2 protein chains.
Amino acid sequence: MSDYPRPALAADVVALGFDGSELFVLLIQREHEPFAGSWALPGGFVEPSESAEQAALRELTEETGLTDVSVEQLHTLSQPGRDPRGWVVSVAHLALLRMADHPPAAGDDARRAEWVPVKRAKALAFDHGLALERALARIRARAERFPFGAELLPEKFTLRDLEALHRAVLGEDLDRRNFRKRVRSWAALVPLDERETGVRHRRARFFRFDGRRLRPFVRAETGES
Amino acid sequence: MSDYPRPALAADVVALGFDGSELFVLLIQREHEPFAGSWALPGGFVEPSESAEQAALRELTEETGLTDVSVEQLHTLSQPGRDPRGWVVSVAHLALLRMADHPPAAGDDARRAEWVPVKRAKALAFDHGLALERALARIRARAERFPFGAELLPEKFTLRDLEALHRAVLGEDLDRRNFRKRVRSWAALVPLDERETGVRHRRARFFRFDGRRLRPFVRAETGES
DNA sequence: CCAAAAGTGTTCTCCATACACCCATGC
DNA sequence: GCATGGGTGTATGGAGAACACTTTTGG
């Protein structure tokens with residue numbers, strides 16, 4: 001068994017964020033060949049003492065300093081020739097995180113990851129574009145069927161924030177009244193007494209997600225993939 | 001990059017079949033430690049010249065002689081220690097195949113895979129039970145939302161066959177009239193003029209799936225996993 | 001008073017569900 | 001003629017979609 005040729009095993013992360021109006025993905029601009037100058041997913045090699053998920057989380061933490069992040073496996077990319085340097089298989093992961101907590105890296109360190117609007121994230125290095133596609137498809141499916149947004153929005157948010165997120169994920173067609181009816185039917189969404197301030201229009205109510213009531217949905221999804 | 005430790009990479013297959021009343025999974029009884037005597041998923045090591053999917057299909061073909069099979073990736077199992085012999089990462093796949101075309105192996109070759117009823121497939125070797133769980137969850141989700149059954153049923157089948165399959169996948173609660181209404185609303189299901197013969201009750205009509213009309217659903221699913 | 005977004009209800013259609021009886025066939 | 005499964009229709013309830021106006025606030 002041990003005399004089989006072995007691939008290098010990478011864990012890459014499609015980390016998505018939301019700035020209030022647009023989806024972003026965390027990318028690194030490559031300095032060296034292959035794909036020098038191209039954008040690529042953050043990631044690194046899996047160590048024998050950890051799972052691919054753990055490696056993805058570790059890489060993400062090293063990159064952003066952020067630890068309280070949900071990471072889940074997306075797909076394993078194993079097409080021969082996907083990395084010109086040799087046999088490298090990559091387990092792609094999806095991470096959803098609150099962009100506000102992880103500001104765009106200070107511009108001085110070129111190795112730092114940057115938030116790039118998903119719409120502008122084209123022609124990624126390797127087959128990372130496929131991983132991004134899958135990540136978007138996954139959250140689309142999730143937003144269609146389940147309460148969605150807890151990981152991407154700040155603790156408190158308005159229904160308009162949530163609506164903007166759904167709009168960004170699903171496309172432009174959403175009726176406000178129907179949307180509100182739908183999300184308020186989720187028991188997982190709890191209204192707060194607090195309201196927006198300093199806006200020059202009526203103050204929107206804040207909401208938060210109830211993680212307890214969200215959990216059943218997280219389980220329901222597992223079979224969904 | 002090449003001085004990182006590398007795992008052995010396996011491609012394992014959860015091959016599911018349906019005998020008309022029950023779901024089966026194709027398993028191999030292990031002869032050697034670890035897990036000697038336990039049931040395990042068929043599979044083998046990925047070669048540098050192929051993708052994990054291709055490896056899964058190759059292994060399945062070697063095992064069953066069958067080639068016209070749909071294989072898709074399920075999940076990558078990478079928990080450290082999952083294989084006591086060393087660092088082995090496995091990409092688990094789902095394959096759906098027509099059991100009738102792949103009869104239970106002749107009993108004389110112990111290395112041959114056997115169809116085991118899913119209900120009796122407990123305590124699999126390694127973490128193969130997890131892969132089986134995921135496979136079942138995936139087809140459950142699919143049967144709930146999309147036309148399902150084309151890969152598991154013979155070319156021609158009766159609505160009762162299809163119903164039995166859905167019952168096996170989803171559980172026992174299915175109303176026959178509602179089920180028929182639902183599947184007949186799929187344009188993908190086409191009635192034939194042919195009917196059952198030799199049964200001592202009214203002859204059931206045969207149906208087949210229209211692969212052309214099925215395709216849009218296959219695409220719709222990609223985002224679902 | 002004006003701009004900008006918050007907030008709110010009703011109607012309609014469609015789909016899922018619940019539910020019970022007659023029909024064709026072989027023995 | 002009887003046992004076995006094939007085959008059919010209707011009524012109801014809930015969810016999603018379409019659709020327009022009033023309210024609050026800051027400038």
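Hydrogens, waters and symmetry mates are skipped; everything else that's a heavy atom, side chains included, is used. Just so it is clear, the model here is predicted, and its values are computed rather than measured.
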Can you pull every protein N or O that's under 3.5 Å from an N or O on nucleotides 8-10 of chain D?
{"unit_1": "D/dT10", "atom_1": "O4", "unit_2": "B/Lys181", "atom_2": "NZ", "d": "2.9"}

Between atom OG of B/Ser38 and atom CD1 of B/Ile28, what is the distance when rounded to the nearest 0.5 Å?
-> 13.0 Å

What residues, two or more places apart in sequence or in another chain, satisfy salt bridge (Lys or Arg N to Asp or Glu O under 4.0 Å) together with B/Glu62?
-> B/Arg58

Across all chains, not counting sequence neighbours, the ring pair (Phe, Tyr, Trp, His ring centres under 6.0 Å) partners of B/Phe18 are none

B/Phe157: ring pair (Phe, Tyr, Trp, His ring centres under 6.0 Å) partners, not counting sequence neighbours | B/Phe209

Separation of [X] atom [atom1] from [N] atom [atom2], in whole Å?
| X | N | atom1 | atom2 | answer |
| --- | --- | --- | --- | --- |
| A/His166 | D/dA17 | NE2 | P | 13 Å |
| A/Leu174 | C/dA5 | CG | C1' | 17 Å |
| B/Asp161 | D/dG7 | CG | P | 11 Å |
| B/Arg205 | C/dC23 | CZ | P | 18 Å |
| A/Trp186 | D/dA15 | CH2 | P | 15 Å |
| A/Phe179 | D/dA15 | CZ | C1' | 16 Å |
| B/Asp173 | C/dA16 | CG | P | 15 Å |

In terms of side-chain geometry, is the basic nitrogen of A/Arg142 or A/Glu72 positioned less than 4.0 Å from the acidic oxygen of its partner?
-> yes

Kindly indicate whether the side chain of B/Leu97, heavy atoms from C-beta on, has any atom under 4.5 Å from the side chain of B/Leu152.
-> no

Which atom pairs, donor and acceptor, lie under 3.5 Å between side-chain atoms of residues 179-188 of chain A and protein residues at least two apart or in another chain?
{"unit_1": "A/Arg182", "atom_1": "NH2", "unit_2": "A/Ala143", "atom_2": "O", "d": "2.8"}
{"unit_1": "A/Ser185", "atom_1": "OG", "unit_2": "A/Arg182", "atom_2": "O", "d": "2.6"}

Using modelled atom types only, decide if a donor and an acceptor are shared between the side chain of A/Gln73 and the backbone of B/Thr76 within a distance under 3.5 Å.
-> yes

Per-nt protein contacts along nucleotides 22-27 of chain D (heavy atom under 4.0 Å; B base, S backbone sugar-phosphate only, - none) come out as -BBBS-

